[in-house]
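First up is the structure itself, then whatever we jot down about it.
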Amino acid sequence: MSADCIFCRIITGDVPSDLVYTDEEMVAFRDINPVASTHILVVPREHIESVPHLQPGHEGLVGRMVMRARALAEDEDLASRGYRLVVNSGPEGGQMVPHLHLHLIGGRRLKDQMG
Ligand code: 5GP
Ligand code: ZN
């Protein structure tokens with residue numbers, strides 16, 4: 001928990017969000033500035049800054065975040081249509097919020113955005 005982190009404050013309930021999933025190790029909520037009709041952020045409760053800050057032992061968590069995004073995509077009827085999972089990491093990766101998160105984006109044909 002980092003008091004000055006917006007996602008930590010969402011996790012504690014201090015800041016409201018449109019939660020779509022919660023368990024003991026992660027939450028998922030709708031992005032405040034969606035880029036498609038489905039734009040959900042899957043966020044570990046633990047304040048891990050970004051991919052380089054992952055430690056041995058986080059493999060299971062990261063795997064379960066991906067599997068949760070897959071389940072949420074099914075809930076959103078995106079399984080056959082397709083969707084994108086994105087992790088931005090660090091300044092040049094376009095990460096704005098320094099608390100690890102997985103974007104689930106879908107509901108329209110996405111452009112090729114490999115940088
Ligand atoms: P990043 O660029 O760090 O990968 O993405 C951060 C995402 O968090 C952005 O898509 C942004 O719209 C979203 N975001 C930032 N602040 C808030 C907030 O207070 N609530 C919600 N629901 N999303 C937020
Ligand atoms: Zn945090």
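What's counted below: heavy atoms across the whole structure, side chains too, no hydrogens, waters or symmetry copies. Whatever order the structure lists ligands and atoms in, that order sets their numbers, starting from 1. Model, not experiment: these values are computed from the prediction.
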Does the distance from a Lys or Arg side-chain N to an Asp or Glu carboxylate O, for Glu24 and Arg64, drop under 4.0 Å?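 No, this pair does not count.
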
Does the N or O separation between [X] and ligand 1 drop below 3.5 Å for any pair?
| X | value |
| --- | --- |
| Phe29 | no |
| Ser17 | no |
| His39 | no |
| Arg30 | yes |
| Ile32 | yes |
| Met96 | yes |
| Val97 | yes |

Is it the side chain (CB and beyond), the backbone, both or neither of Val15 that lies under 4.0 Å from ligand 1, heavy atoms counted?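 The answer is neither.
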
Region of Val87 that comes within reach of ligand 1 [heavy atoms, distance under 4.0 Å]: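 Neither part.
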
Classify the angle between the aromatic ring planes of His101 and Phe7 as parallel (below 30°), tilted (30 to 60°) or perpendicular (above 60°).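 Judged by the thresholds at 30° and 60°, the geometry between His101 and Phe7 is perpendicular.
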
Sub-4.5 Å side-chain heavy-atom contact between Asn88 and Met96: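 In short, these two side chains do not touch, never coming nearer than 4.5 Å.
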
Identity of the N, O or S atom of His99 lying closest to the Zn ion (ligand 2):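 Going by distance to the Zn ion (ligand 2), the closest N, O or S atom in His99 is ND1.
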
For the Zn ion (ligand 2), find the closest N/O/S atom belonging to His47 and write down its atom name.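 The nearest such atom is ND1.
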
If you count the atoms of ligand 1 from 1 in the order shown, which ones are under 4.0 Å from a heavy atom of Asn33?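 Taking each heavy atom of Asn33 in turn, ligand 1 has 12 (O) under 4.0 Å.
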
Which of the numbered atoms in ligand 1 are below 4.0 angstrom from a heavy atom of Ile6?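 In order of numbering, the contacting atoms are 19 (O).
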
What protein heavy atom lies closest to atom 11 (C) of ligand 1? Include the residue and the distance to one decimal.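 Residue, atom and distance for the closest contact: Asp31 OD1, 3.4 Å.
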
